[in-house]
Structure formats: C-alpha cells, structure tokens
Amino acid sequence: MPTESGVTAVAQNLDSVHSVHKNVSMSTAYVSGRVPARYERLIARQARAARTSKSDLVARYVIEKSLETEFPGISFRDSLSGREAYLTGHRAAVWEVLEVYEETKSVEKTATHFHWSRVLVTRALAYAKAFPEEIRKSREGETDTVPVAG
C-alpha cells in the first residue's frame, strides 16, 4: 500500500499514544497544560455532555489533533463504532476508502471512484496502514448488522 515518506516511522511512535484514545489497557504518559478559565468551563461542559471526564476528553482532543497534524486530511467524528477517522471535508471514513482500494487494487481507480485526487486516497491509506486495528474495528462496527426485533 502506498505511503507518504516517513509515515511508517511516525506511526510506530504514535501507536502507544493513539491507543490511549481507544481505552486499551496499556501504559500512559502524563501531559500537563494550562488553559484560560473560560476554556476550562467549555471543556467541563463538553465532558459532561459526552459523559466522560475532563481528563479523558482533553486526552482525546490532544491525541486527535496530533494525529490530524501528522496525517493532513484526516479528521475524527463520532460513529456507530465510536470515534472514527474520515477524510476532512468528505463523508467517507478511512475504512471505506480502504475497502474500495482493496477491491480495485489501485490508488487511481479508488480516486476515480470517490471523484478525488490521488493524494486524498494516499493519505487515507497511510492512516489505515498506521492504525490497522482501529480501522478494522471501525469497519466491523459500521458493517455489522443487528437483527431487527419483531
């Protein structure tokens, strides 16, 4: 799978940090920072709405922003399977881009399918390669069907 230069080495360094976002049992590191009081109140309100702690919400924000910086064009949103990576400005999740790529076996054909430039597909594939377990879980969470009661 094509990658942008340096992505593999960076991804290896981010694995342990990104897993904190997924609440995987592992060691964590302490990061501290100060924000103006009005932003602390905003974070507190958002944490209550998300039914999580301020600490967990801030950790998610820091991790996701770090990943968005490391993988330009990738953003995060809530989905049926939890938080998922998607292409900024588009509706397609990274797992969906990977699924089309696995079918077409071509960056060019995948880009044509989505009516995107090749660089967007390459960025999605780089993220998918860096975090295969996350992408697998997102795909499974979105494609598993639940029997209809009745």
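Numbering of residues begins at 1 and proceeds along the displayed sequence.
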Nearest 0.5 Å, what's the [atom1]-[atom2] distance between [X] and [Y]?
X	Y	atom1	atom2	result
R48	K54	CZ	NZ	9.0 Å
E84	S75	CD	OG	11.5 Å
T52	Q46	OG1	CD	12.0 Å
K65	L67	NZ	CG	11.0 Å
Y101	T110	OH	OG1	7.5 Å

Any side-chain to backbone donor/acceptor pair from [X] onto [Y]? Under 3.5 Å, distance only.
X	Y	result
T88	G73	yes
E142	L80	yes
R77	R91	yes
E96	A93	yes

For the student: nearest non-hydrogen atoms of [X] and [Y], plus distance:
X	Y	value
L57	I43	CD2-O, 3.7 Å
Y127	A85	CE2-CB, 3.5 Å
A124	I74	CA-CD1, 4.1 Å
S138	S81	CA-OG, 3.5 Å
W116	V121	CE3-CG2, 4.1 Å
P72	R123	O-CD, 3.0 Å

Quiz item: Are R83 and E64 ion-paired here, with the side-chain N under 4.0 Å from a carboxylate O?
Solution: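 Yes, charged N to carboxylate O under 4.0 Å.
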Quiz item: Under 4.0 Å between a Lys/Arg side-chain N and an Asp/Glu carboxylate O for E40 and R34?
Solution: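 Not counted as a salt bridge, because no side-chain N and carboxylate O are separated by less than 4.0 Å.
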Exercise. Report the C-alpha separation of E102 and R139 in whole Å, then their side-chain angles, then the decisive distance to 0.1 Å, and conclude whether the salt bridge (charged side-chain N to carboxylate O under 4.0 Å, His left out) test is met.
Key: CA-CA 13 Å; E102 288 171 346; R139 178 189 277 178; 3.0 Å; yes
Quiz item: Do other residues, nucleotides or ligands put more than 12 heavy atoms under 6.0 Å from the CD atom of E103?
Solution: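 Open: at most 12 neighbouring heavy atoms sit under 6.0 Å from CD of E103.
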Side chains of [X] and [Y]: does their closest heavy-atom pair fall under 4.5 Å?
X	Y	result
V94	Y86	no
F76	E68	yes
F114	L120	no

Practice problem: Verify the cluster assignment for L125 and V100: are they in a single hydrophobic cluster under the rule of side-chain heavy atoms below 4.5 Å apart? | Solution: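 Same hydrophobic cluster.
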Practice problem: Tell me yes or no: between the side chains of S53 and S55, is some donor less than 3.5 Å from an acceptor? | Solution: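 Absent: no donor and acceptor within the cut-off.
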